[in-house]
Q: 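Here it is, the structure, as structure tokens.
For this chain, numbers begin at 1 and follow the sequence in order. Side chains are part of it too, since the values below use all heavy atoms of this structure and drop only hydrogens, waters and symmetry mates. Model, not experiment: these values are computed from the prediction.
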Amino acid sequence: MAEPGVEPLHGEFGARITGMDLRGPLTEAEVERVREAIDTYSLVVFPDQFLDDEAHLAFTRRLGEPEPNHARLGRDGVLDYFGTIGNVQPDGSVLGNSDRLTVFLTGNNMWHSDSSFRAVPSLVSIQSVKEVPDEGGQTLFASARAAHARLPAETRERIEPLVVVHDYVFSRSKVAPDAVTPSHAASLPPIRQRLVRRNPRNGAAAYYVGSHAREIEGWEARESRALLDGLLAGATRPESVYAHDWAPGEAVVWDNRCMLHRGVGYDADKHRRLMRQTRVAGAGPTLEE
């Protein structure tokens, strides 16, 4: 039975937690409760928070070191810890379906783990919801931890030592051949990641795949692609997917070490969508875990 104030979201992962205010200073006990919820549920929804950027960043810092926005840093040379999800711009204007940025962001509609293409990938993503479309715009989530536990023992043993190359340019080239500027591409070279990762606090294993996973190191291309695609399909089978309907005011945290997610899409010509996202950097390279 779930503890008071905790509502399960899916049979394999996820919880909605009430009774916490993330806007004010959090005690160490409250921060520890958040960390335990992340380790236990992997996806945690805190309704009715209405975080402004200042409170959002302060909460992020309580969970660890904020991760710089790779696009602003690699493309523009600007250190910024926020990403904007949606089509509403800082001046209030709205980008439509044909805008270059809107097209670029459709890359988020592929299954992925945030920042798996960085030498130190993110620990968690934290999303603060401002505006949501009247139709569409959901995000789908699936647990690669639950999927790893479903694997036959011989498959778990086979994939345990493997290393996978994750490549941002590889994934975004599926959206548009020139989607990534040369400076942005140079800042994000292909990175070697463990295929199997473990949560250091509870030992739970998950496999690390998604749209950025280009190839298994040392494997022939077809065999590599078959295994990666098969693992992804196993994690994202329909009965293992949770569709989240965003609500204004929510703060949503998910564990990028074990969660996969993707956007569903929406009609940007008709609807407004605005969310702000930060990420907490991981403890170090996955090969050192």
Q: For a quick test of reading the model, state the closest non-hydrogen atom pair linking Ala142 to Val241 and the distance between them.
A: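 For Ala142 versus Val241, the nearest heavy atoms are CB-CG2, 4.3 Å.
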Q: Report the relative orientation of the aromatic rings in Tyr207 and His148; use parallel for angles under 30°, tilted for 30 to 60°, perpendicular for over 60°.
A: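 Tilted, since the angle between the ring planes falls between 30° and 60°.
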Q: Establish, from distance only, whether the side-chain atoms of Asn199 and Asp39 form a donor-acceptor pair under 3.5 Å.
A: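 A pair is found: one side chain offers a donor N or O, the other an acceptor, under 3.5 Å apart.
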Q: Are Ile38 and Phe59 linked, directly or through intermediate hydrophobic residues, by side-chain heavy-atom contacts shorter than 4.5 Å (ILVMFWY only)?
A: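 Per the 4.5 Å side-chain linkage, Phe59 and Ile38 are co-clustered.
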Q: Step by step, would you call Gln127 with Trp254 a side chain to side chain contact (heavy atoms under 4.5 Å, CB included)?
A: CA-CA 9 Å; Gln127 199 130 299; Trp254 62 88; 3.7 Å; yes
Q: Once rounded to the nearest 0.5 Å, what's the spacing between atom CD of Glu67 and atom CZ of Arg118?
A: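 Going from the CD atom of Glu67 to the CZ atom of Arg118 covers 4.0 Å.
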Q: Any salt bridge linking Glu223 with Arg158? Criterion: basic side-chain nitrogen under 4.0 Å from a carboxylate oxygen.
A: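 Yes.
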Q: Same cluster or not: Val165 versus Val120, using hydrophobic residues (I, L, V, M, F, W, Y) connected whenever any side-chain heavy atoms lie under 4.5 Å apart?
A: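 Val165 does not cluster with Val120.
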Q: Do the side chains of Phe82 and Asp53 get nearer than 4.5 Å, heavy atoms only?
A: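 Answer yes - side chains close enough.
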Q: To the nearest 0.5 Å, what is the distance between CG on Leu95 and CZ on Arg272?
A: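 The distance works out to 11.0 Å.
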Q: Counting heavy atoms not belonging to Glu154, are there more than 12 under 6.0 Å from its CD?
A: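 Above 12, so yes.
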Q: Using a strict threshold of under 4.0 Å (side-chain N to carboxylate O), is an ion pair present between Glu28 and Arg62?
A: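 A salt bridge is present here (some side-chain N lies under 4.0 Å from a carboxylate O).
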Q: May I ask you to check whether Glu12 and Ser240 show a side-chain donor-acceptor distance below 3.5 Å?
A: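 Yes.
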Q: Do Thr278 and Thr60 have a side chain donor and acceptor closer than 3.5 Å?
A: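 Present: a donor and an acceptor within the cut-off.
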Q: Look only at the side chain of Glu217 and the backbone of Arg192, and say whether a donor-acceptor pair between them is shorter than 3.5 Å.
A: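 Absent.
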Q: What distance separates Tyr81 OH from Ile126 CD1, expressed to the nearest 0.5 Å?
A: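 It is 13.5 Å, given to the nearest 0.5 Å.
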Q: Supply the atom-to-atom distance Phe141 CZ to Met259 CE, rounded to the nearest 0.5 angstrom.
A: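 Reported value, rounded in 0.5 Å steps: 6.5 Å.
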Q: Please name the pair of heavy atoms, one in Gly64 and one in Val280, separated by the smallest distance, quoted to 0.1 Å.
A: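 Result for this residue pair: CA-CG1, 3.6 Å.
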Q: I need the His56 NE2 to Gln277 CD distance, nearest 0.5 Å.
A: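 So the NE2 of His56 and the CD of Gln277 are separated by 7.5 Å.
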Q: Kindly write out the residues that satisfy side chain to side chain contact (heavy atoms under 4.5 Å, CB included) with Arg262, not counting sequence neighbours, or none if the list is empty.
A: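 Partners of Arg262 by the side chain to side chain contact (heavy atoms under 4.5 Å, CB included) criterion, ordered by chain and then number, come out as Trp111, Leu140.
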Q: Are His184 and Tyr168 close enough that their ring centres sit under 6.0 Å apart?
A: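 Close enough - the centres of the two rings lie under 6.0 Å apart.
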Q: How many angstroms lie between CG in Leu228 and CG in Leu195, if you round to the nearest 0.5 Å?
A: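 Answer rounded to 0.5 Å: 7.0 Å.
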Q: State plainly whether the residues Arg197 and Asp255 are in salt-bridge range, i.e. N to O under 4.0 Å.
A: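 No, Arg197 and Asp255 are not salt-bridged.
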Q: Picking from Asn87, Val103, Asp269, what satisfies side chain to side chain contact (heavy atoms under 4.5 Å, CB included) with Asn97?
A: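 Of all the options given, the one that passes is Asp269.
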Q: For the pair His261 and His112, name the ring-plane relationship: parallel under 30°, tilted 30 to 60°, perpendicular over 60°.
A: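 Tilted: the ring planes of His261 and His112 meet at 30° to 60°.
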Q: If we ignore angles and hydrogens, is there a donor and acceptor under 3.5 Å between the side chains of Asn256 and Ser125?
A: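 Their side chains do contain a donor-acceptor pair, which is all the 3.5 Å distance test asks for.
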Q: Can you find a heavy atom in the side chain of Arg145 that is under 4.5 Å from one in the side chain of Ser42?
A: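 Arg145 vs Ser42: side chains touch.
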Q: When the ring centroid of His212 is compared with that of Phe117, is the distance short of 6.0 Å?
A: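 Under 6.0 Å, so yes.
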Q: Check the hydrophobic clustering (I, L, V, M, F, W, Y; side-chain heavy atoms under 4.5 Å; chains of links allowed) and say if Ile191 and Leu123 are grouped together.
A: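 Different clusters: Ile191 never reaches Leu123 through Ile, Leu, Val, Met, Phe, Trp or Tyr contacts under 4.5 Å.
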Q: Any Lys/Arg nitrogen of Glu215 or Arg225 sitting under 4.0 Å from an Asp/Glu carboxylate oxygen of the other?
A: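 No, this pair does not count.
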Q: Within a strict 4.5 Å, meaning less than it, do heavy atoms of the Thr84 and Met275 side chains meet?
A: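 No, every pair of side-chain atoms sits at 4.5 Å or beyond.
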Q: Just say parallel, tilted or perpendicular for the rings of Trp246 and His244, cut-offs at 30° and 60°.
A: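 Trp246 vs His244 ring planes: perpendicular.
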Q: Does the distance from a Lys or Arg side-chain N to an Asp or Glu carboxylate O, for Arg194 and Glu288, drop under 4.0 Å?
A: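 Salt bridge: no.
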Q: Is the backbone of Ser116 close enough, under 3.5 Å, to the side chain of Ser113 for a donor and an acceptor to pair up by distance?
A: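 Flag not set: sc Ser113 to bb Ser116 has no pair under 3.5 Å.
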Q: Determine whether Glu131 and Arg276 satisfy the following criterion, salt bridge (Lys or Arg N to Asp or Glu O under 4.0 Å), listing intermediate values before the conclusion.
A: CA-CA 10 Å; Glu131 299 183 60; Arg276 296 281 277 168; over 6 Å; no
Q: Can you find a heavy atom in the side chain of Val253 that is under 4.5 Å from one in the side chain of Val34?
A: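 The answer is no; the side chains never approach within 4.5 Å.
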Q: Side chain to side chain contact (heavy atoms under 4.5 Å, CB included) with Thr40: which residues, sequence neighbours excluded?
A: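 Once residues adjacent in sequence are excluded, Thr40 has no partner under the side chain to side chain contact (heavy atoms under 4.5 Å, CB included) criterion.
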Q: If you look at every heavy atom in Ala206 and Cys258, which pair is closest and at what distance?
A: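 Closest approach of Ala206 to Cys258: CB-CB, 3.6 Å.
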Q: Does the side chain to side chain contact (heavy atoms under 4.5 Å, CB included) test come out yes or no for Leu162 and Leu227, once each step is laid out?
A: CA-CA 11 Å; Leu162 299 180; Leu227 178 59; 3.8 Å; yes
Q: Report yes if some heavy atom in the side chain of Val252 is under 4.5 Å from a heavy atom in the side chain of Thr139; otherwise report no.
A: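 Answer no - side chains too far apart.
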Q: Are Glu289 and Arg257 close enough for a salt bridge, meaning some N to O gap below 4.0 Å?
A: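 Arg257 and Glu289: not salt-bridged.
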Q: For Glu220, does the CD atom sit with more than 12 other heavy atoms under 6.0 Å from it, leaving out its own atoms?
A: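 Counting neighbours around CD of Glu220, more than 12 heavy atoms of other residues, nucleotides or ligands fall under 6.0 Å, so yes.
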Q: Is Glu54 atom CD crowded by more than 12 heavy atoms from other residues, nucleotides or ligands, each under 6.0 Å away?
A: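 No, because the 6.0 Å sphere around CD of Glu54 holds 12 heavy atoms or fewer from other groups.
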